[in-house]
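Position 1 is the first residue of the sequence; numbering continues from there. If you're wondering where the values come from, they're calculated on a predicted model, not measured in any experiment.
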Amino acid sequence: MIPERLRSAMASGEPYPGFDPALMPRRRRCMELLDRFNATALPDFPAREEILRELLGSVGSGGWVMPRFSCEFGSQIVLGDRVRINFDSTLLDCAPIVVGDDVMMGPGCRLFTGDHDLDPARRREGWERAAPITLGPDVWLGGGTTVLPGVTVGNGTVVGAGSVVTGDLPAGVLAVGNPARIVREL
């Protein structure tokens, strides 16, 4: 587990040392489980679900995650029921990522909770910040969507393929572009 002093800083947006040696065992364990996950045969949904239950903070029922899947720690990711994550998605969980029930993520989606310092000296020293990401129930992220730190996407919202979500989106809208902008209500 991630030590509480680091977990607290990571979840609250406080700067934390990204190269802290206490994080390395968790990253290593995550890498080993991801290697197993990504080596499964494509039709072997039960094997992948078993690995995800060991890797992630929580996994609901009735969903699936396709390989190639990547994350940083795994333990800070919560997947609701019937979540479907398509091929080649990356969820960097320096802070919590909560994915609500019935969320669909197209291929190549990226959820990034971590951010690096703008000052080059602090970046070289490994200082980072993170902010949680929340996807409400029934959200659909089109293929190649990127969601940045601290974003909440409201229930039932659809984000068009290739969009970059830089700020919160309310429930029940269609948003597209870079940065993602609301084009209409659903």
Item to check | Closest heavy-atom pair and its distance - L52, V59 | outcome: O-CG2, 3.7 Å
Next on the checklist: Whether the side chain of Q76 engages the backbone of D93 through a donor-acceptor N/O pair (distance < 3.5 Å, no angle test) should be reported.
Outcome noted: yes
Checklist entry - Same cluster or not: are V153 and V158 linked, directly or through other Ile, Leu, Val, Met, Phe, Trp or Tyr residues, by side-chain heavy atoms under 4.5 angstrom apart? => result no
Checklist entry - Is the side chain of T113 donor-acceptor paired with the backbone N or O of L92 at a distance under 3.5 Å, no angle test? => result yes
Checklist entry - Looking at side-chain heavy atoms only, is the closest gap between L23 and I2 below 4.5 Å? => result yes
Next on the checklist: Distance check, rounded to the nearest 0.5 Å: N178 atom CG versus T166 atom OG1?
Outcome noted: 8.0 Å
Checklist entry - So how far is it from R29 CZ to L34 CG, rounded to the nearest 0.5 Å? => result 10.5 Å
Item to check | side chain to side chain contact (heavy atoms under 4.5 Å, CB included) assessment of V78 paired with I97 | outcome: CA-CA 6 Å; V78 172; I97 295 175; over 6 Å; no
Next on the checklist: Between R129 and E14 (salt bridge meaning N to carboxylate O under 4.0 Å), is one present in this structure?
Outcome noted: no
Checklist entry - Under a 4.5 Å cut-off applied to non-hydrogen side-chain atoms, are V173 and L186 in contact? => result no
Checklist outcome for this item: Closest non-hydrogen contact found for D101 with D81 is OD1-N, 2.7 Å
Next on the checklist: Please check this pair: side chain of T145 against backbone of G106, looking for a donor-acceptor N/O pair closer than 3.5 Å.
Outcome noted: no
Checklist entry - Under 4.5 Å between any side-chain heavy atoms of L135 and V98, yes or no? => result no
Next on the checklist: With side chain to side chain contact (heavy atoms under 4.5 Å, CB included) as the test, pick out the partner of L111 among I133, V165, I85, L148.
Outcome noted: I133
Item to check | Shared hydrophobic cluster for M31 and F37 (ILVMFWY, side-chain gaps under 4.5 Å) | outcome: no
Checklist entry - Which value, rounded to the nearest 0.5 Å, describes the distance between L79 atom CG and S61 atom OG? => result 11.5 Å
Next on the checklist: Distance check, rounded to the nearest 0.5 Å: T152 atom OG1 versus D168 atom CG?
Outcome noted: 4.5 Å
Next on the checklist: Looking at every heavy atom in both S12 and S8, which two are closest together, and how far apart are they?
Outcome noted: OG-O, 3.0 Å
Item to check | Option from P15, C94, P17 for which side chain to side chain contact (heavy atoms under 4.5 Å, CB included) with E128 holds | outcome: C94
Checklist entry - Donor-acceptor pair, R48 side chain versus V65 backbone, under 3.5 Å? => result yes
Next on the checklist: Testing the basics here: between S163 and A180, what is the closest heavy-atom pair and its distance to 0.1 Å?
Outcome noted: CB-CB, 4.2 Å
Item to check | Student check: side-chain heavy atoms of L56 and S75 closer than 4.5 Å | outcome: no
Checklist entry - Closest approach of G142 and C109, non-hydrogen atoms and distance? => result O-SG, 3.4 Å
Item to check | Spacing of T90 atom OG1 and R68 atom CZ [to the nearest 0.5 Å] | outcome: 9.0 Å
Item to check | Least distance between heavy atoms, N155 atom then G136 atom | outcome: OD1-CA, 3.5 Å
Next on the checklist: I'd like to know if the side chain of R27 and the backbone of F73 have a donor-acceptor N/O pair within less than 3.5 Å.
Outcome noted: no
Checklist entry - Can you tell me how far the OG1 atom of T40 sits from the CE atom of M66, to the nearest 0.5 Å? => result 8.0 Å
Checklist entry - Same cluster or not: are V103 and F45 linked, directly or through other Ile, Leu, Val, Met, Phe, Trp or Tyr residues, by side-chain heavy atoms under 4.5 angstrom apart? => result no
Next on the checklist: Testing the 3.5 Å rule here: is there a donor-acceptor pair between the side chains of T146 and R110?
Outcome noted: yes
Next on the checklist: Check this for me, if you would: do R36 and E54 make a salt bridge, where the nitrogen-to-carboxylate-oxygen distance has to be below 4.0 angstrom?
Outcome noted: yes
Next on the checklist: Is there a side-chain contact between C71 and I77 in this structure, where contact means two heavy atoms from C-beta onward sitting under 4.5 Å apart?
Outcome noted: yes
Next on the checklist: Are F69 and W64 linked, directly or through intermediate hydrophobic residues, by side-chain heavy-atom contacts shorter than 4.5 Å (ILVMFWY only)?
Outcome noted: no
Checklist entry - Are side-chain heavy atoms of W140 and T157 found at a separation under 4.5 Å? => result no
Next on the checklist: Under the criterion salt bridge (charged side-chain N to carboxylate O under 4.0 Å, His left out), I'd like the reasoning laid out for R82 against D138: C-alpha separation, chi angles, the key distance, then a yes or no.
Outcome noted: CA-CA 10 Å; R82 299 169 303 280; D138 294 304; over 6 Å; no
Item to check | Heavy atoms from other residues, nucleotides or ligands near CZ of R53 exceed 12 (cutoff 6.0 Å) | outcome: yes
Item to check | Sidechain-backbone polar pair: R122 side chain, D117 backbone, donor-acceptor under 3.5 Å | outcome: no
